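Just so it is clear, the structure is predicted and the values come from calculations on it, not from any experiment.
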Number of protein chains: 2
Amino acid sequence: MALDHAILVSLLEKPGSGYELARRFERSIGYFWTATHQQIYRVLKRMESDGWIDVRDVPQQGRPDKKEYSVAGPGRDALSAWLGEPIEPESVRHDLAVKIRGAAFDDPAALIGEVERHRRAHTDRLAHYLAGEARDFGEPGRPFDGPPDAERELQHVVLRGGIAYERMMIAWLDDVLATLARFEAGH
Amino acid sequence: MALDHAILVSLLEKPGSGYELARRFERSIGYFWTATHQQIYRVLKRMESDGWIDVRDVPQQGRPDKKEYSVAGPGRDALSAWLGEPIEPESVRHDLAVKIRGAAFDDPAALIGEVERHRRAHTDRLAHYLAGEARDFGEPGRPFDGPPDAERELQHVVLRGGIAYERMMIAWLDDVLATLARFEAGH
DNA sequence: TCCTGCTATGCAACGAGTTGCATAGCAAGG
DNA sequence: CCTTGCTATGCAACTCGTTGCATAGCAGGA
């Protein structure tokens, strides 16, 4: 179970509250891991009582206080141990693929709108990734020729993975649309 | 929740027992949906008591009897209704991406072996898909120019999606390996 | 003033998914 | 004969993930 580890990594990149983590899981981390605030608060509570993370009460003005979490020694060790052990290739769950195969027993053409909707979601996300890449990793921001920064480089390669995934999906959804079009009424 | 619907689609493609379904979920269906025999038996029981599927006891020689399930009217209706309603784009969970970003706080080069292992798993799966494509959708098996068979065409487009996914993953893992190599000891 | 909306945290209940274990018949090999 | 292994089905316990709801302070607009 990697939610623990996803949270640890995020807190190592930058300490923050449960709420802030939930927001990150809607953005950057959300590109490869989803979690609701409920899961996050529950895991934070458990990791704190296990001594994996430290809490610090931060009073704020103009908004409610927050608890800022940061990774403690045991948390770092747990992450390190997890990094060292092999994980299984992810188990896949593509609702849309189920729908496409199921469409053979219904009206295939009726699925076109749904597929187009998904295609839009993927082009939107691709645009979002590309904007993020230009902002955070664009040439202008890197005029110095210092030593490579591991954190930055590794974030970039993960983002490139997201970009490759979205491009692949868009191309495939075009393939799906072309296939569905062949079954349109009258043919 | 689409496990119900994945099972319905599979039973429409071909009626079978819980055990046979479990095997399909290790093969063709498993390319886009995973499920253990426990989940399958549980769902079959519920769908049967809801009248979505019919059972038929099939005595066998040389092996235990089996219960063969097939889709009944209400099951077909339920599938049809589900096909008609929009679904959310899948939520992603990539353990490997978490590990890669986490590696910045450990030894990045130590991840190389793990990434290579995943790369091998993906090349194996790609080879498997391509063999299946050649077997089931190769030119020799389609010398007739009749009307397009929806079931077959849609299975093929889903398989092409799997192939595109594996190719994308292999290319990305090469990118990851090149990135990790830059952090190797001494650099 | 009241309503809406954002930050911030949390409980309780439920449903889905995982893991360990159990049974039972039959085949094949040592 | 005994063990291993495959087909075939299932229970029980547990963990993980989702959903609905609740609280509470403060900001901004109608």
Side-chain angles (χ1 to χ4, degrees), chain A residues 1-7 11 15-27 29-30 32-50 53 55-69 82 87-95 98, chain B residues 1-8 10-11 15-27 29-30 32-50 53 55-69 82 87-95 98:
Chain A
M1 200 256 327
L3 175 55
D4 298 33
H5 307 106
I7 289 176
L11 289 179
S17 69
Y19 189 82
E20 282 164 355
L21 282 169
R23 311 227 67 194
R24 290 185 213 170
F25 275 86
E26 286 168 7
R27 296 188 66 264
I29 322 256
F32 55 91
W33 202 274
T34 53
T36 63
H37 76 276
Q38 280 309 327
Q39 289 175 71
I40 291 165
Y41 283 122
R42 205 195 287 162
V43 170
L44 284 174
K45 183 163 284 188
R46 195 189 65 229
M47 290 201 296
E48 194 215 324
S49 78
D50 289 353
I53 53 178
V55 208
R56 195 169 66 92
D57 263 57
V58 179
Q60 296 182 116
Q61 43 189 359
R63 48 178 75 176
D65 298 355
K66 66 173 181 178
K67 299 185 186 173
E68 195 184 74
Y69 293 93
W82 178 71
I87 48 171
E88 289 308 302
E90 344 72 71
S91 57
V92 190
R93 269 167 201 198
H94 283 295
D95 297 68
V98 177
Chain B
M1 198 258 327
L3 175 55
D4 298 34
H5 307 107
I7 288 175
L8 287 173
S10 191
L11 288 178
S17 68
Y19 188 83
E20 283 163 356
L21 282 169
R23 312 225 66 192
R24 289 186 215 170
F25 276 85
E26 286 167 6
R27 298 187 65 265
I29 322 257
F32 54 92
W33 202 274
T34 52
T36 62
H37 77 276
Q38 281 307 329
Q39 289 176 71
I40 292 166
Y41 283 122
R42 206 196 287 160
V43 170
L44 284 174
K45 183 163 283 186
R46 193 189 66 228
M47 292 203 293
E48 194 215 323
S49 78
D50 288 352
I53 53 179
V55 208
R56 196 169 64 92
D57 263 58
V58 179
Q60 296 183 116
Q61 44 188 357
R63 49 178 77 176
D65 297 355
K66 66 172 180 178
K67 299 186 185 174
E68 194 185 75
Y69 293 93
W82 177 71
I87 48 170
E88 291 308 302
E90 343 74 68
S91 57
V92 190
R93 266 163 206 204
H94 283 294
D95 296 67
V98 177

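Side-chain proximity of B:Pro64 to D:dG17, D:dT9, C:dA24: nearest is C:dA24. Taking every side-chain heavy atom of A:Gln39 into account, D:dT18 is the closest of C:dA8, D:dT18, D:dG10. Of the candidate nucleotides D:dG17, C:dT19, D:dA8, D:dA8 has the atom nearest to the side chain of B:Glu20. In the set C:dA8, D:dT9, D:dT18, D:dT9 carries the atom at the smallest distance from any side-chain atom of B:His37. When distances run from any side-chain atom of B:Leu3 to the nucleotides D:dG10, C:dG17, D:dA8, the shortest one goes to C:dG17.
A:Gln38 comes within contact range of at least one nucleobase, with a heavy-atom separation under 4.0 Å.
Within the structure, a side-chain polar atom (N or O) of B:Tyr19 is placed less than 4.0 Å from OP1 or OP2 of D:dT7. In this model, the phosphate group of C:dT9 is approached by a side-chain N or O of A:Ser17 to a distance below 4.0 Å at OP1 or OP2. Taking side-chain N and O atoms only, B:Lys67 has no distance below 4.0 Å to OP1 or OP2 of D:dT7. For the OP1/OP2 pair of D:dG17 and a distance below 4.0 Å, the side-chain nitrogens and oxygens of B:Arg93 include at least one atom meeting the criterion.
Taking atom CH2 of residue B:Trp33 and atom P of nucleotide C:dG17, one finds them 7 Å apart after rounding to whole Å. Going from atom OH of B:Tyr41 over to atom P of D:dA8 covers 8 Å, rounded to whole Å. Regarding B:Arg46, its CZ atom lies at a distance of 16 Å from the C1' atom of D:dG10, rounded to whole Å. The interatomic distance linking B:Phe25 (CZ) with C:dA16 (C1') rounds to 14 Å, in whole Å. The CG atom of A:Asp65 sits 15 Å away from the C1' atom of D:dT23 (whole-angstrom rounding). Going from atom CD1 of B:Ile40 over to atom P of C:dA16 covers 15 Å, rounded to whole Å. One can place CZ of B:Arg56 at 14 Å from P of D:dA8, the figure rounded to the nearest angstrom. In this structure, NZ of A:Lys66 is placed 26 Å from P of D:dT23, rounded to the nearest angstrom.
Side-chain contact between B:Ile7 and B:Ile29: absent, with no pair of heavy atoms (C-beta onward) separated by less than 4.5 Å. Here the side chains of B:Lys67 and B:Asp57 are in contact, with some heavy-atom distance below 4.5 Å. A 4.5 Å side-chain heavy-atom check between B:Asp4 and B:Arg46 finds at least one atom pair inside the cut-off.
Pairing each heavy atom of A:Tyr69 with each of A:Leu44, the nearest pair is CE1-CD1, 3.6 Å.
If you find the closest nucleotide of DNA chain C to A:Gln60 and to A:Arg42, the one lying nearer the 5' end belongs to A:Gln60. Residues B:Arg23 and B:Lys45 both approach DNA chain D. Their nearest nucleotides, taken by heavy-atom distance, put B:Arg23 toward the 5′ side.
With hydrogens and angles disregarded, no donor-acceptor distance shorter than 3.5 Å links the side chain of A:Glu48 to the backbone of A:Lys45.
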